[in-house]
Amino acid sequence: MDQDEALTTVDNIVTQFNTYEDFLDSQITTLDLYYLEDEGLARQLVELGYRGTGEVVKREDFEARKAAIEIARLAERTQKKTLTSAGKDLHDNFLKALAVREEDNRSGKVSSVIFIRDKNSHGQEVSGYIDYAHRLKTEDFEVYFSGKKRLLPRPTDMSFYNWDSHIAVWNSTPNYQVIADNPEGLLFKYKRDRKILNVDPKEVNIPVGETPEHRTAESKGVSNR
């Protein structure tokens, strides 16, 4: 049995039994108890591999996998609770696209760059690129998914341009390095795998339901490439 098969076997046992003692008891027959006349001794023999009707699993392996599975379960539950898009009745296609990507951006499976060109509260036209994962960590998106506020680029985002005042700003983020002096246009280098993300509209595939004014481009983590 290779390592993956052994791990699968332990996981199946851990899922089936609440305690290690329950697992040991499942390996003891009535005939074992008749001859041994001691339940504790019967359990010890199963644990050592001398008696039993199934796989031999060490106590430390059982308890370690039990703890790991419980930690993963709690982490998944916590992750689901933190999704600000959960339970929202979204009609806007752009918000739907953000909702689909929220969990993966929070977990680090995917890193999305959002482009927005819109008008701010002063009627000025602004545009910019937003590091979605970074914004999720530094801002409460409840106001956006609930429709109380529109998501707009800021001077603190990866890029920001005010078409009225002609103010242009670029900022690197924890996830991306901004390359602004490229003759072909703005580029972003993903810091985890150092690959370049070209956000040129001709290079970016716009998913169904999004528009050129509201679009996302993804860069997956190393483990997902």
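- When all heavy atoms are compared, the tightest approach of Glu103 to Leu83 is CA-CD2, 3.6 Å.
- Here the closest non-hydrogen pair linking Tyr144 and Arg135 is OH-NH1, 3.7 Å.
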Could you go through the side chain to side chain contact (heavy atoms under 4.5 Å, CB included) check for Val113 and Leu197 one step at a time?
CA-CA 9 Å; Val113 174; Leu197 181 61; 3.6 Å; yes
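- Of all the heavy atoms in Met158 and Val178, the pair that sits closest is O-CG2, 3.7 Å.
- Separation of atoms CZ (Arg65) and CD1 (Ile69) is listed at 5.0 Å; rounding is to 0.5 Å.
- The closest donor-acceptor contact from the side chain of Arg194 to the backbone of Tyr190 lies at 3.5 Å or more, if one exists at all.
- A side-chain donor-acceptor contact under 3.5 Å links Tyr161 and His166.
- Between Leu95 and Phe145, the closest heavy-atom pair is O-CE2, 3.6 Å.
- Of the possible polar contacts, none joining the Ser159 side chain to the Trp170 backbone as a donor-acceptor pair under 3.5 Å is found.
- Remark: the Asn175 side chain and the Ser111 side chain contain no N/O donor-acceptor pair separated by less than 3.5 Å.
- In this structure, the side-chain contact (heavy atoms from CB on, under 4.5 Å) partners of Asn171, at least two apart in sequence or on a different chain, are Val169.
- If you chain together hydrophobic residues whose side chains sit under 4.5 Å apart, Ile114 and Val126 never meet in one group.
- A donor-acceptor distance shorter than 3.5 angstrom exists from the side chain of Asn105 to the backbone of Ser112, with no hydrogens or angles considered.
- With sequence neighbours excluded, the residues forming a salt bridge (charged side-chain N to carboxylate O under 4.0 Å, His left out) with Lys88 are Glu142, listed by chain and number.
- When side chains are defined from C-beta on, Ile179 does not count as touching Leu186, because their heavy atoms never get closer than 4.5 Å.
- Atoms CG and OG, from Asp140 and Ser146 in turn, are 8.5 Å apart once rounded to the nearest 0.5 Å.
- Taking the side chain as every heavy atom from C-beta outward, Phe188 and Val199 approach each other to under 4.5 Å.
- Nearest heavy-atom pair across Asp131 and Tyr176 is OD2-CD1, 3.7 Å.
- At least one donor-acceptor pair under 3.5 Å links the side chain of Asp157 to the backbone N or O of Arg154.
- Remark: side-chain polar atoms of Arg101 are not paired, donor with acceptor, to backbone N or O of Lys96 under 3.5 angstrom.
- Side-chain contact annotation: Tyr132 with Glu102, donor-acceptor N/O pair under 3.5 Å absent.
- Ser172 and Gln177 share no side-chain donor-acceptor pair at under 3.5 Å.
- Taking CG of Leu187 as the start and CG of Asn182 as the end, the distance is 4.0 Å to the nearest 0.5 Å.
- Side-chain contact check for Trp163 versus Ser127: some heavy-atom pair is nearer than 4.5 Å.
- Applying the salt bridge (charged side-chain N to carboxylate O under 4.0 Å, His left out) test to Glu125 and every residue at least two apart in sequence or in another chain returns Arg117.
- No chain of hydrophobic side-chain contacts below 4.5 Å, direct or via other Ile, Leu, Val, Met, Phe, Trp or Tyr residues, connects Phe115 to Ile196.
- You'll find the side chain of Phe141 reaches within 4.5 Å of the side chain of Leu151, heavy atoms only.
- Gln124 and Ser165 share no donor-acceptor pair across their side chains, judged by distance under 3.5 Å alone.
- Here the shortest heavy-atom pairing between Leu90 and Ala99 reads CD1-CB, 3.6 Å.
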